[in-house]
Amino acid sequence: MAIERTFHPLPPWQRTDYCGALRKDDAGRQVALWGWVDGRRDHGRLVFIDLRDREGIIQVVFNPERSAPAHDVARSLRAEYYVAIKGEVVMRAPTTVNAALATGEIEVMAHALEVLNPSAPPPFRITEEEQVTEELRLRYRYLDLRKPLLQRNLRLRHAIMRATRAHFDEHGFVEVETPILWRPTPEGARDYLVPSRVSPGHFYALPQSPQLLKQILMIGGFDRYYQIAKCFRDEDLRANRQPEFSQIDVEMTCPRPEDIIAIIEGLFTRIYRDVLGVALDVPFPRLTYEEAMERFGSDKPDARFGMELRNLTAAFAETELNVIRRSLAERGAVYGLRLPSEFQLTRRELDEMVAQIRSRFDLGLSWAKVATEDEWQGPIAKHLGQTEKSRAARVLELAPGDTVFLMAGARNKVRPAMGDVRLQLGARFVSLPPGLLRFMWVVNFPLFERSEQEGRLTSVNHPFTAPCPEDLEALERDPLSVHALAYDVVLNGEELGGGSIRIHNSELQLKVFELLGLSRDEAMDKFGFLIEALSYGAPPHGGIALGLDRIAMLICGTDSLRDVMAFPKTQRAVDLMSGAPAEVDPAQLEELCVKILS
RNA sequence: GGGGUCGUAGUUCAGCCCGGUUAGAACGCCGGCCUGUCACGUCGGAAGUCGUGGGUUCAAAUCCCAUCGGCCCCGCCA
């Protein structure tokens, strides 16, 4: 057919209502609708169409006695045709009401119909009932987006962003945009690089976060800044990690940690109230890093269930068991975990868990079943002395039928491994109420940790984090003992964000770089602009950054980031719809002075 | 970089273990009939590079090897 017969760039009439928004109060009204054909039921004479738009579905009836031309066209409609109709809203006869539909008490008796665009048969039905592979969903993202799940999730995400902007606006924060083309940085994740045409051999990096830019905005006098910022990290993907994601980025002048904490508790309160109508309990509990590791074996504890770790080092002080004695001699520690008797693992499952912990953490997990306080069964049971068994039983509050897990070794290795065991047991046995929200702050992080791979100190947070003032004197003598003015906000075992008070003194900043193995010259080369900026009356400042996508995941009740992003990438960082990344024309590369090696 | 899992009509899946009919089903699609359906019904029809490549075999969707792609995880990443 000639294009001029089928291409209608302008609508034939204006829409009066959304399909899914009509209700029985609208009965008697003449309406004009646009929407997709969700389904067609053709009875030869009567034709029924389910018409769908973003608000929902309504049934449209075509009766040849009402309009023969419209009825004729209606018979040719197919799934996902985009059509405009005019008609009258009428009450359905009581026997024909569809209780499954919000609009089920009414229908539209059509007298005019225009096909605005036909559709090829879709590769899958636009309904949540059909479980289609993620690959196909991503390839035809525009069709998947029409489904209720993504419609709902992206609108919830919009509501989160709206609440965020309102909250910060009301507290005097200014939203400032920062560049996407920025400077490569040595620390942190792998950068996405963009070659510069006008400076051959030089590259921009897409920002991993606007960290330094927001600090410089404080130096630049904005006092209170926020931004919903796109961030980029070229690392491998996970269900909850995409290469490009959004942060709610915040910075303020002269804050105490409690000022940031209060602002963010206010933000979460606002988001949960506005988006879900849920009232949060504030303030959130605060745990020190040390306490979180000691009790949960994690710096992002899931406090929705118990089964906390217990320190059994004292209980095992006089043990005869060789493995444990050896690790205690090396200033190691012993930790235990109690699995209550109502939860039982088979021998096979226990063996699998032991093997898995060995391969992932290179640590030996031991277990025993408790018959009575002094009578344990299992591979290690007969090697355990009476003293440690009864001491451990007291600390862990063991009861007959319980399973006890034990692990000995260096504290900083045993605790995360036991934390992992705890999470596995929790996931396996504890059924959590869906609406349960356990927010918390984890504070008093160490400033540095030792990187085994690189054999040097690295920042736990980032190199711009300020040390606690009372630890300053230990900075050079014992850097690992220094605590940071840093705080993470955690919900249900998921880290939602983290922040800190920053270093605003150029000498201290240079000292920290030095401790991280960055010479004064290298530091000036890579961060000279920051050091220099700090020397011009930089006010003390600090802030936080929150993962918007993760917040959206939790609000939407999904465990995949792809369900809260309009156009996500696959695990190989590919966009299946557009085919990005793609090869480019050799002429483009030449202009950029870029050569492909392989 | 490593481990696991999946890949068969447009879609969802069966068949694969134990090699041997013309590779089936449902939904969808195409055509006919049907005035109250809403998972409409009904009659008929079309539809397949069994992800790809190689090997074993008289014979491969089926067994073996490699490879590509989706998902989950470790490493990596706040």
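The chains referred to below are lettered A, B, ... by the order of the sequence lines, with proteins before strands, and numbering in each begins at 1.
- Remark: B:G19 base-pairs with no nucleotide; criterion is Watson-Crick or G-U wobble with both hydrogen-bond distances under 3.5 Å.
- The interatomic distance linking A:E135 (CD) with B:C72 (P) rounds to 13 Å, in whole Å.
- If you check B:U5 for Watson-Crick or wobble pairing at under 3.5 angstrom, you find it paired to B:G70.
- Nucleotide B:C34 holds its C1' atom 12 Å from the CZ atom of A:F48, rounded to whole Å.
- Ion pairing between a basic and an acidic side chain is recognised when a charged N comes within 4.0 Å of a carboxylate O; A:E235 and A:R241 show no such pairing.
- Looking at the side chain of A:R41, the nearest of the listed nucleotides B:A78, B:C40, B:G36 is B:C40.
- Among the protein residues, A:T96 comes within range of the nucleic acid bases, having at least one heavy atom under 4.0 Å from a base atom.
- In terms of phosphate contacts, A:R190 brings no side-chain nitrogen or oxygen within less than 4.0 Å of OP1 or OP2 of B:C77.
- Contacts of A:L237 with the nucleic acid, taken as non-hydrogen atoms under 4.0 Å apart, are absent.
- Between the base of B:C38 and the side chain of A:R92 there is a donor-acceptor pair shorter than 3.5 Å.
- Under the Watson-Crick or G-U wobble criterion, with both distances below 3.5 Å, B:C50 is left unpaired in every strand shown.
- Within 4.0 Å of A:F124, counting heavy atoms only, lies no atom of the nucleic acid at all.
- At the heavy-atom level, A:E107 lies under 4.0 Å from base atoms of the strands shown.
- Atom name C1', nucleotides B:C13 and B:C6: the rounded distance is 13 Å, in whole Å.
- Taking atom P on both nucleotides, B:A25 is separated from B:C43 by 15 Å, rounded to a whole Å.
- The nearest whole Å value for the distance from the CD atom in A:E134 to the P atom in B:U11 is 16 Å.
- Nearest to the side-chain atoms of A:E495 among the listed nucleotides B:C29, B:C71, B:A78 stands B:A78.
- Taking atom P in both B:G19 and B:C58, the straight-line distance is 15 Å, to the nearest Å.
- Picking from B:U11, B:C72, B:G70 the nucleotide with the shortest atom distance to the side chain of A:Q571 gives B:C72.
- Whole-Å rounding puts the A:D42 CG to B:U35 P distance at 10 Å.
- Remark: C1' of B:C74 and CZ of A:R360 are 7 Å apart, rounded to the nearest angstrom.
- Pairing of B:C63, defined by two Watson-Crick or G-U wobble distances under 3.5 Å, is identified with B:G55.
- Stacking between A:H43 and the base of B:U37 is absent under the criterion of ring centres within 5.5 Å and planes under 30 degrees.
- Checking A:E494 against A:N240 by side-chain atom types alone, a donor-acceptor pair falls below 3.5 Å.
- Considering only the side chain of A:L576, B:G70 comes nearest among B:G70, B:C30, B:A78.
- B:A14 and B:A9 have their P atoms separated by 13 Å, with the value rounded to a whole Å.
- Between the side chain of A:R45 and the base of B:C34, no donor-acceptor pair under 3.5 Å is found.
- No contact: A:D234 has no heavy atom under 4.0 Å from any strand.
- When the C1' atom of B:G10 is taken as reference, atom CD of A:Q131 falls 18 Å away, rounded to whole Å.
- As judged by a 4.0 angstrom heavy-atom cut-off over every strand, A:G547 is placed among residues making no nucleic acid contact.
- At a cut-off of 3.5 Å, with distance as the only test, no side-chain donor of A:R428 or A:Q424 sits close to an acceptor on the other residue.
- Residue A:I106 contributes atom CD1, which lies 15 Å from atom C1' of B:C38 at whole-angstrom precision.
- Distance from the side chain of A:V132 is smallest for B:U11 among the nucleotides B:U11, B:C77, B:C72.
- The side chain of A:Q208 approaches B:A78 more closely than any other nucleotide in the set B:A78, B:U35, B:G70.
- Nucleotides B:G51 and B:G69 place their C1' atoms 8 Å apart, quoted to the nearest Å.
- Of the nucleotides present, B:C30 is the one that pairs with B:G44 by Watson-Crick or G-U wobble criteria, both distances under 3.5 Å.
- Defined by atom type and a distance below 3.5 Å, a donor-acceptor pair is present between the side-chain atoms of A:S500 and A:R502.
- A:R422 forms a cation-pi arrangement with A:F305, by the criterion of a distance under 6.0 Å to the ring centre and an angle within 45° of the ring axis.
- The aromatic rings of A:H462 and A:F464 sit tilted, their planes meeting at an angle between 30° and 60°.
- Atom name P, nucleotides B:G55 and B:C40: the rounded distance is 49 Å, in whole Å.
- Nearest to the side-chain atoms of A:P123 among the listed nucleotides B:C29, B:G10, B:G36 stands B:G10.
- Between A:T465 and A:A486 the shortest heavy-atom distance is CG2-CB, 4.2 Å.
- Phosphate proximity of B:G28 to A:R78: absent, as no side-chain N or O sits under 4.0 Å from OP1 or OP2.
- Regarding A:L561, its CG atom lies at a distance of 19 Å from the P atom of B:C77, rounded to whole Å.
- Side-chain atoms of A:D50 never come within 3.5 Å of backbone atoms of A:G39 as a donor-acceptor pair (strictly under, hydrogens ignored).
- For A:R562 against B:C71, a side-chain-to-base donor-acceptor contact under 3.5 Å is absent.
- Picking from B:U37, B:U35, B:C71 the nucleotide with the shortest atom distance to the side chain of A:E65 gives B:U35.
- Nearest-nucleotide assignment on RNA chain B puts the 5′-proximal partner with A:Q59, out of A:A573 and A:Q59.
- For the P atom pair drawn from B:G54 and B:A61, the interatomic distance equals 14 Å after rounding to whole Å.
- At the heavy-atom level, A:R75 lies under 4.0 Å from base atoms of the strands shown.
- Taking atom C1' in both B:C30 and B:A46, one finds a spacing of 7 Å when rounded to whole Å.
- Closest approach to the A:D236 side chain among B:G70, B:C76, B:C71 is made by B:C76 (side chain taken as heavy atoms from C-beta onward).
- Side-chain contact annotation: A:T178 with A:Q227, donor-acceptor N/O pair under 3.5 Å present.
- Of all nucleotides present, only B:A25 satisfies the Watson-Crick or G-U wobble test against B:U12, with each distance under 3.5 Å.
- Of the listed nucleotides (B:C74, B:A78, B:C30), B:A78 has the atom at the smallest distance from the side chain of A:V460.
- Between A:P186 and A:K526, the closest heavy-atom pair is CG-CD, 3.7 Å.
- Between A:P122 and A:N63, the residue anchored nearer the 5' end of RNA chain B, judged by the nucleotide with its closest heavy atom, is A:P122.
- OP1 and OP2 of B:G70 both lie 4.0 Å or more from every side-chain N or O belonging to A:T133.
- Evaluation of atom-type donor-acceptor distances gives a pair under 3.5 Å for the side chain of A:R238 against the base of B:G75.
- Within the 4.0 angstrom heavy-atom criterion, only backbone atoms of the sugar-phosphate kind lie near A:R233; the bases stay farther away.
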